[in-house]
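Quick notes on the structure that follows.
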Amino acid sequence: MQAFDPNDYRKRVLADVERRGGLEESDPFELYDIPLDEVESLSDAEIAARVEEVWGFWQRQRDHPKYRVLVGLLVDAHPKLSRVLLDSAVRRVEAGRIREMRERRDADRYEMLDAAISRLVQRHGGVPAGKVPGLEEIGAMGGLSAAEVTTRLRRHRVIEDAPTPAGVLTEQRRQQIRQLLSEWERLIDGEPTPTLFALLRVDPAKAGQTQEIRLRADALRARSRELPPGRIRVVLDELLIHIQDVLESDEATLREYLRAVAEDVATELRPKVRAAVLVEDELVGDDFQYLLDEAMRLGLDRADAGRVLTEIAAELGARVSTSASTAPPQPEPPAPRLWEAPLKAARAALRGGRPREAARHVEEAHRLVGPNGGGLTQIRSVSDEVDRVLNEAQTHWRDATAACAAKRYVEALPHLEQVRRTASDLLPPNQVPNIDQLLAEAREAIAEADRFVAEAQAGPADARMRGLLAAVEVCADHAGAATALAESPIEAPQRVEATRLANGSVLVAWSPTSTDNVAYRVTRLQPDGSWRVVGRTQATELEDGGAPAVGQPVYAVAAAVAGRYSEITRSDIGEAAKPQGRQEQSQDDRSPGGIPAVSGLAEQAGLLVFIWPTGVTEVMAVVRPDQPPITPDDPQARSWKVTNMRYEIDGGVRIPPDIPRPCHIAIASCRREPNGKLTVAAGFAPNARIRWFG
C-alpha cells in the first residue's frame, strides 16, 4: 500500500466518487484508499493507520470549494464506514462482497463501450483513430476514464485516419458557438436557440437555401445595430460573426456545421436512448416519438433526427420501431382507464397546434384519473408539455406584437408563423388583431417594401433615396432596403458656423445637404478630444445652451439618413474635417484618454497582432492609405471594432482585402462603461502604429 497523498487522493478518489453520484456508488475500501487486492496482506495496525490518516484529511477538507458537500457526508458516515475495516473478520467478508460488486459494476460500465467498439470493428475492420474521442465520451457516460477506454482499445486494431486540412469549424469555434448560444438564451427570454439556425429562425431542412440564410442574417444585423450598447449586443455581434463565417461562407462549412450539430445531439440523446432500449432492446413508438421531438428541439430537422436515433440505437444493438403497434404486448389493466381517452386527445391537439384545447383535455384526464392515482405520471408529462408550448407561444406572441408595433415585420414574421403553427388557439376567437390578421399585415408590408426597393433601384438616381426611405417607413427592418441605403452616399453639410449669442449660448448654423429626407447631428469638441452630442434636428441651425462660457467651441455637423451618417463638417475648418499635424504628437500617449493602450503591434502570418492590455476587451482598428491616422475619429480614415474573442478566433486582426496596400494602421483601446456605452481612447500609443504592406 502506497503512502497517502492528499492531492492524488482528491483528484483520483473524491473526483470519481462525486462523478458516480456519491457514497452510495462507492465502498469503504475505495473511500479510505485501501487497495482491495492487498487487503489480505495488510495488518490491522496498517489498516487503522490509513483509516486515521484519511479521517484527518476529511476533517481538513470541510471548507473545500468543490468537495465540501461530499466531505461533509464522509465525516458523518465515518463511524459506520470505518467499523467495516477495523474488524479483521468483517473486513475479509466485506472484501469478498465488494470484489464481486466491482466486477459486476465494471461489466455494466464497459457494456455500452464494448457494443460501440464491436459495431466499429464490424464496419471498418478496426477502430478508426478519429472515432476514439467519441468512444471516450461513450465510456464517460458509463463512468470510465480516458485511460480505461485506452486500455480497453488495446484489444483491437486502431486505424489511422487520412490527414485532412483544418477547416473553419474547429472544436474551439464549436465550443464558442455553444457558449454564446447558451448565454443568448439566458439574456433573452424567448424560444430556445440550440443552433445558429434557430437563432435565425431557419428550418435546418432548408439549410441549402443560402439566400434565405443571408436575408435573415442581414435582418438580424440590422436589428443588432438598433440595440443599445451592452452585453446583449456584444453576444449578438459575436454570433453574427459566426453566422457569417460558418453559414454564409461556403456550402462545405455549412454542411460541416450540420454534422457538428448532429454529433452534439447524438451525445445529448445517447444516454436517453440507452435507457429506452434497456429492457426490450427496441426503441418503440412512444419512446421514439418523444426522443424524435427532443432531437428536433435540440436543433435537427425531422429527417436528421430520425437518422441520428436509428444510428444510436444500432450502436447499442437495438432496433427502431416507429409504430406503437410494434411495441411488446402489455397485460390488460384490471379495469378500464377512463383518463386515457382525454390524454390521447390532448396529445393529438398538441400535434395539431392547439395547446389550449390540449389543456382542457388534460384537465378532464385529471378528473377521471381515479382514487389510486394511476396514470398521474403520464398526465403530468403531457401537462408539462402543454405548459411549455403555451409559455413559448406567449413569448413569441409578445415579441411579434412588439416588432409589429415598431414595423419590424421581418423580425415579427417567424414569431407569428411559430405561433400559428404551434398555438393557433392561443388567443380568444374575438381578439383583434388576431394571429392571421398580423400575419397578413406582416407579409403585405414586406411585399410592399420589396416593391419600393425594386422601383428605387430601377428608377432615376434622384428618386432612389426617397424610394428606399419609403420602404423603411413601411418595413423598418427590411434587409434589401437597409443594404441599398448602405450603398447610397450621403452628402455632408457645408459651411458650419458658430456664433456666440448675447445670452451666452452658441448658435450653430450650416448649409443644407442635397440628400433628401436627412436629419442633422451636431457635436461639440471636448477638451479631452472626444465629441459630445449637442442635439439632432431637421433644420439647418441649432442653439447650444450648454456651451462653455469661455472660448469659442468647435462644432461638427453630420447628415443622417436611416441611422447612417455622412462625413462631418467642422466649424473651425469649414469642410469635412482635416486632421492637424500637431494633433498627432499630443495624442500619442501610453494611455490616451486614461485607457491602457495596446502594444507590440506587428504583422504575423498575414494578420495584425498585438498585446492586449489588462482589462481591455475591445479595440478600434483605424486605417488611412495616405498618412498615419491622427485620431481614432479621423474622418478621412476607415475604422472598425475588434473584440478579443474575434481576435482569438482568427489569431489576430484580419485586414479587409478591399483596403489598398500599402496603408497606415493604428489601434486604439476601448473601454465599456458601466452603462454599456463604448468609449474609444482619444489617441494611439507610439507602438500601436504600423505601416501595412499586406
Side-chain angles (χ1 to χ4, degrees), residues 184 188-191 193 196-203 206 209-228 232-233 236-237 239-240 243 247-248 353 392-424 426-427 431-459 464-488 517 560-564:
W184 179 257
I188 302 297
D189 183 18
E191 186 176 357
T193 53
L196 295 176
F197 294 109
L199 182 65
L200 293 176
R201 301 292 187 262
V202 172
D203 187 344
K206 300 179 180 178
Q209 300 180 8
T210 54
Q211 183 62 24
E212 175 74 10
I213 291 174
R214 290 192 178 95
L215 286 175
R216 290 185 179 269
D218 289 342
L220 196 59
R221 291 186 184 99
R223 176 66 179 135
S224 174
R225 290 192 291 270
E226 297 175 1
L227 292 174
I232 291 178
R233 180 166 180 177
L236 182 56
D237 286 346
L239 285 170
L240 285 168
I243 288 172
L247 303 188
E248 299 181 83
E392 290 182 358
Q394 287 166 352
T395 300
H396 281 296
W397 177 250
R398 183 175 64 248
D399 292 345
T401 52
C404 287
K407 297 185 178 181
R408 297 195 305 272
Y409 292 110
V410 174
E411 175 189 342
L413 189 58
H415 291 297
L416 292 168
E417 290 173 341
Q418 179 72 7
V419 175
R420 186 70 181 84
R421 183 171 56 253
T422 63
S424 58
L426 176 68
L427 306 177
Q431 177 163 331
V432 178
N434 58 35
I435 299 170
D436 292 333
Q437 289 171 333
L438 280 187
L439 267 171
E441 179 183 324
R443 289 167 178 160
E444 182 180 350
I446 294 173
E448 187 176 2
D450 289 339
R451 180 173 57 81
F452 278 130
V453 171
E455 292 175 353
Q457 292 177 334
R464 175 184 173 89
M465 184 67 73
R466 288 194 298 273
L468 295 177
L469 291 176
V472 173
E473 178 64 26
V474 171
C475 180
D477 59 346
H478 190 276
T483 302
L485 281 171
E487 298 171 354
S488 301
N517 300 98
V561 177
R564 295 177 54 246

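More than 12 non-hydrogen atoms from other residues, nucleotides or ligands lie less than 6.0 angstrom from CD of Gln437.
Minimum interatomic distance between Leu438 and Cys404 (heavy atoms only, all atoms of both residues): CD2-SG, 4.2 Å. Val410 approaches His478 most closely through the heavy-atom pair CG2-CA, 4.2 Å. Considering all non-hydrogen atoms of both residues, Cys475 and Ala445 come closest at CB-O, 4.2 Å. Of all non-hydrogen atoms in Ala449 and Val474, the two that sit nearest each other are N-CG1, 4.3 Å.
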- request: Quick one: do Ile435 and Ser424 satisfy side chain to side chain contact (heavy atoms under 4.5 Å, CB included)? Show the steps, please.
  value: CA-CA 8 Å; Ile435 299 170; Ser424 58; 5.6 Å; no

task: Show the numbers, then the answer: is there a side chain to side chain contact (heavy atoms under 4.5 Å, CB included) between Leu196 and Leu200?
output: CA-CA 6 Å; Leu196 295 176; Leu200 293 176; 5.8 Å; no

field: Residues Leu468, Val472; criterion side chain to side chain contact (heavy atoms under 4.5 Å, CB included); working and verdict
entry: CA-CA 6 Å; Leu468 295 177; Val472 173; 5.7 Å; no

Listing, residues 412-421 side-chain donor-acceptor contacts under 3.5 Å, not counting sequence neighbours, or none:
unit_1 : atom_1 : unit_2 : atom_2 : d
His415 : ND1    : His396 : ND1    : 2.9
Gln418 : OE1    : Arg421 : NH2    : 2.3
Arg420 : NE     : Asp436 : OD1    : 2.7

Give the table of side-chain donor-acceptor pairs shorter than 3.5 Å for residues 216-223, with sequence neighbours excluded, one pair per line with atom names and distance.
unit_1 : atom_1 : unit_2 : atom_2 : d
Arg216 : NE     : Glu212 : OE2    : 2.6
Arg216 : NH2    : Glu212 : OE2    : 3.2
Asp218 : OD1    : Arg221 : NH1    : 2.9
Arg221 : NH2    : Glu248 : OE2    : 2.5
Arg223 : NE     : Glu411 : OE1    : 3.4
Arg223 : NH1    : Glu226 : OE1    : 3.3

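A side-chain donor-acceptor contact under 3.5 Å links Arg201 to the backbone of Ala198.
The distance from atom CZ of Arg225 to atom CG of Asp477, rounded to the nearest 0.5 Å, is 11.0 Å. In this structure, Asp399 CG and Gln394 CD are separated by 12.0 Å, a value rounded to the nearest 0.5 Å. One finds the CD atom of Gln431 at 6.0 Å from the CH2 atom of Trp397 (value rounded to the nearest 0.5 Å).
The side-chain heavy atoms of Thr193 and Leu239, taken from C-beta on, include no pair separated by under 4.5 Å.
Scored by the ring pair (Phe, Tyr, Trp, His ring centres under 6.0 Å) test, Phe197 finds Tyr257 as partners (sequence neighbours excluded). Shown here are the side-chain hydrogen bond (donor to acceptor under 3.5 Å, both in side chains) partners of Thr401, two or more places apart in sequence or in another chain: there are none. Looking at residues two or more places apart in sequence or on another chain, you find no side-chain hydrogen bond (donor to acceptor under 3.5 Å, both in side chains) involving Asn434.
Sorted by first and then second residue, the ring pair (Phe, Tyr, Trp, His ring centres under 6.0 Å) pairs involving residues 435-459 (not counting sequence neighbours) form an empty list.
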